[in-house]
Structure formats: C-alpha cells, structure tokens
Amino acid sequence: MPDPRPRRILVTSALPYANGHIHLGHLVEYIQTDIFVRFQKLRGHAVVYLCADDTHGTAIMIRARAEGRSEQELVADMRAAHLADFAGFQVAFDHYGSTDSDANRRLCGELWRALRAKDLVVSREVRQLYDPEAGVFLADRFVKGTCPKCRAADQYGDSCEQCGATYAPAELIDPVSTLSGAVPEVRSAEHLFVTIEALHGFLADWTQASGALDPRIANYLAGHFLGEPLRDWDVSRPAPYFGFEIPDAPGHFWYVWFDAPVGYLAATDEWCAAHGGRLDDWWSRDPAGRPAAEIHHFIGKDIVYFHTLFWPAMLEAAGLALPTKVRVHGFLTVNGQKMSKSRGTFILARTYLDHLDPAMLRYYYAAKLSGGIDDLDLNLEEFTAKVNADIVGKVANLASRTARWLEPTGLAATYPDDGGLFAAAAAEGEAIAAAYEAGDFARAMRIVMQAADRANAYIDAEQPWKLAKAGPEAAGRLQAVASVALNLFRQLAVYLAPVLPRLAQQAGDLVGGPIRSWDESATPLVGLPVAAFVPLARRVEPAAIEALLAASRPAEPSEPISKTRTTTQGGPPMTDTPQGSATDPATPLEAEPLAAECTIDDFTKVDLRVARIVAAEEVAEAKKLLKLTVSLGGDVRRTVFAGIKGFHDPATLVGRVVVVVANLAPRQMKFGLSEGMVVAASGAGAEGVFLLSPDSGALPGMRLR
RNA sequence: GGGCCCGUAGCUCAGUGGUUAGAGCAGGGGACUCAUAAUCCCUUGGUCGUGUGUUCGAAUCACACCGGGCCUACCA
C-alpha cells in the first residue's frame, strides 16, 4: 500500500556550472535525484523537481571575454547543451531555471535584506592580487609563479603540486596572471561578510539533531567547523564581476556561492508562476517551525559546507523552511580510477549517448547507489555484464519469450494459479519502496532481480514452448502460463519505472497502458489485449564501450604519420589488387565490424612480443583454458592462461613461436595469475582459435610494430 | 599531522551478536531451445585483513596493528 496521505516534496539537484558540459560524474547526482523523484511521484505524492544553471562568477566572465562574446550568450549556449544532455538521460526536471534570472536577483535581495536586518553583514578590507591589465582581482587559480618553498616553477597561487606546500598567492616568487601575463599587484578592496558565528548555536543544533544529515556528515561538521568559532563568510566581490550588483553596496557583487543556492528558491518561484501556488507553499514555516513541505537537496560531497552551514544560516535568518534532508553522494571513478581524459574515461554525457543506451547507465547507477557518501565506481566490464544479465537477460527476456503467444488472444480472463508468484512479489512492494525512500536503490534492485529470477524459473518449469506445439487442447494452458509471465514482467516494470522510465512505457505499450501508480504492482491484469512485441533493450556490446572510450580521448595532433608512410618505399610492391580476395567470405568482418579508429599512439601502448611456448598443460577443471608458460627470451618467463583448450593439443604447442600481449595487466583467474595473452584469431565463419606465428627466424622478445 | 570510511568467495557486494556465512558475475557439470550467444537446475570456492579482549555465543561489540580510500591541514 502507498503512503496514506500525499506528501508535498520539493527536490533539488545541485546547480551545474555553466562553464562546462555534463559528464558521467555529474550524472550520478542527476540520475539519483531523478529516480527518487519518479519514485515519489509514482507513489502519488506531490513532487516538484527543480534545478538551474549556475551562471555567475569570474570563470564565466573570463571565458566569455576570451571567446569575444557576452556572458549571456555563453550561458545561453551552455544551458541548451545541458538541457539536451539531461533530456537524453531522461532526467525530468519540473523546472530548470538559471541563477541569472529576474526571480533570482529579487530573491537574493530579499535574503540580503533579512541578513542586514539581523545585523549579520560586516565590511572589511581584503588584500588580494590584482591584474592591472585585465582589470580584475585574481582568484588563486588565476595566478602562477614559483613556489616559495621548493622553487618549483609554474605553480598555482594556493599550493605547490611539487612539494605540497600551501601559501598565499602574494608569497609566490615572480607571480604572473594567467589571464594577461601581467605581473599582478597587491591591492586591497572592501568585501562584505556574513557573520555566521552569530548563528553558531542554531547550526550546531540543526546539523546534529534535525535528522537532515547523515551522521557521518554531522560528525564531520562538528569536528571541522563547529568546534571553534565560525569564520565570517566572504559573500561579495568587487567589480568587475559577472553577477548581481548588491543594491545597497554599489560596485560590489554577490559572490557566486551566495546566489547559487538562492537559485533553488528562484526556480520554485518560477515554477509556481507557471503552475500555480506561491513560494510560501514550499518554503515557509509556521510559528512552531514546521515547514510547509519537505525539502530534499541532493549534492556531492564537495559542496557539503555550503549546503549544511551557509545555506541553512541564510534560510534561518530569512525565516524560511530548512532542508528536510541533505542527501550527499560520493564521486564517480571509472575502472577504479579518477576520470581521466588520456584514458578516455572522462566521458561526456553527449558522448555516452552517441554510443550507448541511457537506460543502461541509469540501471547501473541504481544498482550501485546505496545512499552513502562512498565513491561510486563505474567498472566498464562489470557494467556490460550486469546490465546485459539483468535488464536484457532477466527482465526484458520475460516479455520477449512469452508475449507473442498472447498476441492473438490477449491476457487470460481470470488470473491463473501461479503458485503465489505474483502475490509474493506484490508483498515485497513495501520493502522495495522503503529502499527507494532511503536512497538505497541497490537494495531495491536486488529485491526486484530476485523476483525476476523466480519469474524466469517459472517459465522454464512450465515450458510454454511445448504447449505452443501441443495443439488446440493446450491453448488454454499456454495462455495461462504466458499471462502469468507477462503480469510478472509488468509488475517488475512498475518497480523499475523510477529507474527505467522507457522500459515502463514500453511495458505499458505492450499490455495494460501507461503505468501511473505504484499500486499497479499489487493487482494482476486480466482480459486485456497484448500488442505485437518489440525489443525492449539492446545488449551492450564491448565494441560500443571501446568506441565510447576512443571517442572520449582527446584528439591527437596528427603528427609523424609521414614516417610510417615512407616505409612502403623500400618494401615489396604493394598489392593493390590481391588475387583471390573476392573469394574470401565476408562473414567474419560482417559479424564483427571494425573497432573505432585508433591512433598510432594507442597501438603503441600494446606491447606485442614474439614468444616461445616452453610448457603447456591441461587445466583439468577448466573448460576452455590451457596453462602455458612462454619465454620472452633470456630467462624471462610468463604464465599465461589461454582460452584454446579443445582446439590445441598441449603436446604439440610446446616449442611453437607465437605472439603475446606482453604488457597486459595481470589478471587473477581461478587457477592462477595470468600474466599476458596469446594472440589468436577467431570469428564467425569458421570454428576454431587460430594461433599466430611469425616467419621463421623471429626470436622471442622481438617486438611487433 | 588530524578526522572519517572501508577491508567477507577470483570480481562486485549483502549480511551489524545467536543454529553448518549468503547473492550476482566468473569457473565446472547438466538441461532446454520460447527468448537479444538469452533461461533453468546442480556444483567448486571463504582461517569474514591480523591480533587481543568482552560474551554462554563475535563477520557483527571494544582496543591495537596492517592494508586501501576519501576529506582536511589553522584560505572555503
């Protein structure tokens, strides 16, 4: 049963900065939030999902200047790109605003007046480096110079990457502005500060006792900030600055981190203007402090203090509602490492969409998100295996293997005896819902996949394909079995609808119409027509992953290719029309199209060597593996497990000269560590695994190039 | 240097005091052929990082150590 009374829930994701495109790291947050929102809507609650572009600040100003156009033009372009990326991943905001909006300017003013009224604003001189040519004050990262500690050259203004020292930009030796190359000078300017220490008691109380924060976050704040007086928060920047000028302080602008969270309010205000209601319906609180609605902020762990100290302080000063929950997630790693452009793992949303189905990433993230602040690893091998097994093999397969039998007849008129399968999965609905509510999507996915396993086992036990061949007398039984299967499929589609909206829609198209409510998981459908089956999700092919990584690597400058081209001069004449080529079957190439283009540098990373097999033995327990020992010359030996059992006799392999990938990362296999890979050909058109051998005379250790 | 998190089967993880520690993937054997090399059944595999303690009883609690990660380092 759903919650008895609809809740009013306002949900936000952090505002993406207008200085860059959305990548897979960003998407952890937006997909996570979108799943939560779709879940709450499916449960019948009144939910508004808001976000906006974060547009202000020095970085935008500088970039616009460099591109020779206005900040507004830059921001508008990036907004269009962001919206397209989000739409591609089915992240469905109810409203997407901008911090550079009238509403935001007005609301910043209102919060500012509240801070002034409570006497929480003070003015102070700040000494900072200034670029006299560009005419701007310089943030630390816009200054470079020589480290005062270790004398390393070309270090940023805040810390040295060589020796790890931290210092003030003014301490740099020979500082240079990265904007103009000019020598910066120290100037002092007036800044405005919010004295949040005045709200120390409130913040200590709210962070520790309100239940809005994970205890780990609360503990972190208590240890790092609340144990001592809170420093004043610098909220203004002197002109020139791209942002809002502070009304009662001409020449001063609100710092980007002041107006960014106000963007949540502005987005709400704009949504209300379009859909009815008032800002107070969502952000006010009654005299007893009870908020008008729930407010859930989803953020990354890098911006915790803005959302748990400054933002609540601003809301408190303005008498607005405080966040119900601040849900913090970790960062994304790819294959266990930070996203890296050179490895091709710095993957933009757009690039992903060019190669793969967004539903697969949504599901993978859901299966990995458990509500904690730990980092989330996108392991591409696991990604491929998991989404193919779960979405294609288990869930979609339920419909794929049974729907066509119901196309002529539709669902059975009464729900057949299924041995309690549907009821069992229905009974798990509340446990799944509780997991979604807690942000433990991984648990929800586990429960759903167990139900999918039971459904597939049911089909195997009932053997509907035999009923289909058994003739008219088995038609009723066939309809019953298929009706059970399709109902179990649709039930799963309801549970998965927050994660896989497209699958849910396709399930509705197939049978029963659009899925509108969580309740639909509780009652099987009967007597309805079943549409012609269309495939629901395509498998992820490893080649597509490779292409994605290749497309994500920075374009290499097209350099010394000329060198390789000249090699043809001294070689044998090129056979422009190789004889007999027309007689080779096209099957292998058609079955496995060429991988994405790679550069010579990519190829060079793979170190192929000639090697001699010095030992080969059966691995008794293995189906496909032989254990080989190869010599790379001298006394360099490698153990390699090769998947060639059944195609090669170990005895005849010993002594053969082959080609191995010599710098492949060692792989722990069940029977031992494999330290390389023997190169062999295989493919469609012919059974077998064909080892490669060099011309005679090649010595172990020689490199292939 | 300080703080926090993690360490359970080859891999990813579930399990937070109570009977012989579980799942998925990978591996092995078999079945099936409806389905996108999908599915089903059976099966191999773990001194639960190490040690000491608390307890009738510890993967689970405490302490120490080892290993990995994240955040900080009197700037936010």
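Throughout, a chain's letter reflects where its sequence line sits, starting with A, and its residues are numbered from 1.
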Residue [X], side-chain heavy atoms: nucleotide from [options] that is nearest:
X: A/Lys469; options: B/rA14, B/rC34, B/rC70; answer: B/rC34
X: A/Val392; options: B/rA76, B/rU39, B/rU36; answer: B/rU36
X: A/Ala457; options: B/rA38, B/rC41, B/rC70; answer: B/rC41
X: A/Pro535; options: B/rC13, B/rC34, B/rU36; answer: B/rU36
X: A/Ser400; options: B/rC75, B/rG24, B/rA35; answer: B/rA35
X: A/Arg446; options: B/rC13, B/rA35, B/rA76; answer: B/rC13
X: A/Asp375; options: B/rC25, B/rA76, B/rC70; answer: B/rC70
X: A/Arg539; options: B/rC71, B/rC13, B/rA38; answer: B/rA38
X: A/Leu536; options: B/rU36, B/rA76, B/rA35; answer: B/rU36
X: A/Asp460; options: B/rC40, B/rA76, B/rC13; answer: B/rC40

Query raised in the report: Would you find a donor on one side and an acceptor on the other, under 3.5 Å apart, between the side chain of A/Glu197 and the backbone of A/Leu230?
Result: yes
Query raised in the report: Okay, side chain of A/Tyr495, backbone of A/Ala444: is any donor-acceptor separation there less than 3.5 Å?
Result: no
Report task. Starting from the 5' end of RNA chain B, give me the residue, A/Gln450 or A/Glu382, whose nearest nucleotide shows up first. Result -> A/Glu382
Query raised in the report: If you pin A/Arg231 and A/Ala537 to their nearest nucleotides in RNA chain B, which one's is more 5'?
Result: A/Ala537
[N] to [M] separation - [atom1] atoms, rounded to the nearest Å:
N: B/rG29; M: B/rG17; atom1: C1'; result: 39 Å
N: B/rC70; M: B/rU36; atom1: P; result: 44 Å
N: B/rG24; M: B/rC6; atom1: P; result: 25 Å

Spacing between [X] atom [atom1] and [N] atom [atom2], to the nearest angstrom:
X: A/Asp234; N: B/rC75; atom1: CG; atom2: P; value: 13 Å
X: A/Trp465; N: B/rC40; atom1: CH2; atom2: P; value: 11 Å
X: A/Asp453; N: B/rU39; atom1: CG; atom2: C1'; value: 10 Å
X: A/Asn456; N: B/rU36; atom1: CG; atom2: C1'; value: 13 Å
X: A/Gln463; N: B/rA35; atom1: CD; atom2: C1'; value: 15 Å
X: A/Arg216; N: B/rG3; atom1: CZ; atom2: P; value: 18 Å
X: A/Lys394; N: B/rA23; atom1: NZ; atom2: P; value: 13 Å
X: A/Arg454; N: B/rC41; atom1: CZ; atom2: P; value: 12 Å

Base, sugar-phosphate or nothing for [X]? Non-hydrogen atoms, less than 4.0 Å.
X: A/Lys386; value: nothing
X: A/Trp257; value: nothing
X: A/Tyr220; value: sugar-phosphate
X: A/Asn219; value: sugar-phosphate

Report task. Would you kindly say whether A/Gln491 and A/Asn487 are connected by a side-chain donor-acceptor distance under 3.5 Å? Result -> no
Query raised in the report: Will you find, in the side chains of A/Tyr458 and A/Asp418, an N or O donor that is under 3.5 Å from an N or O acceptor?
Result: no
**Report entry** Audit row: A/His56, A/Phe253, ring-ring contact (aromatic ring centres under 6.0 Å, His included) steps and yes/no
**Finding:** CA-CA 10 Å; A/His56 291 154; A/Phe253 291 73; 9.0 Å; no
Requested in this report: Look at the rings of A/His307 and A/Tyr264 and say which category their plane angle falls in: under 30° parallel, 30 to 60° tilted, over 60° perpendicular.
Outcome: tilted
Query raised in the report: Which word best sums up how the rings of A/Phe202 and A/Trp206 line up, parallel for under 30°, tilted for 30 to 60°, or perpendicular for over 60°?
Result: parallel
Query raised in the report: Closer than 4.0 Å, any side-chain N/O of A/Arg443 to the OP1 or OP2 of B/rC13?
Result: no
**Report entry** is_close_aromatic(A/Phe258, A/Trp112), centroid dist under 6.0 Å
**Finding:** yes
Query raised in the report: Is the CZ atom of A/Arg454 crowded by more than 12 outside heavy atoms at less than 6.0 Å?
Result: yes
Report task. Determine which bases of RNA chain B form Watson-Crick or G-U wobble pairs with both distances under 3.5 Å, and write the result as a 5' to 3' dot-bracket string with | for other-strand partners. Result -> ((((((((.[[[[.)..(...]]]].(((((.......))))).....[[[[[..)....]]]]])))))))....
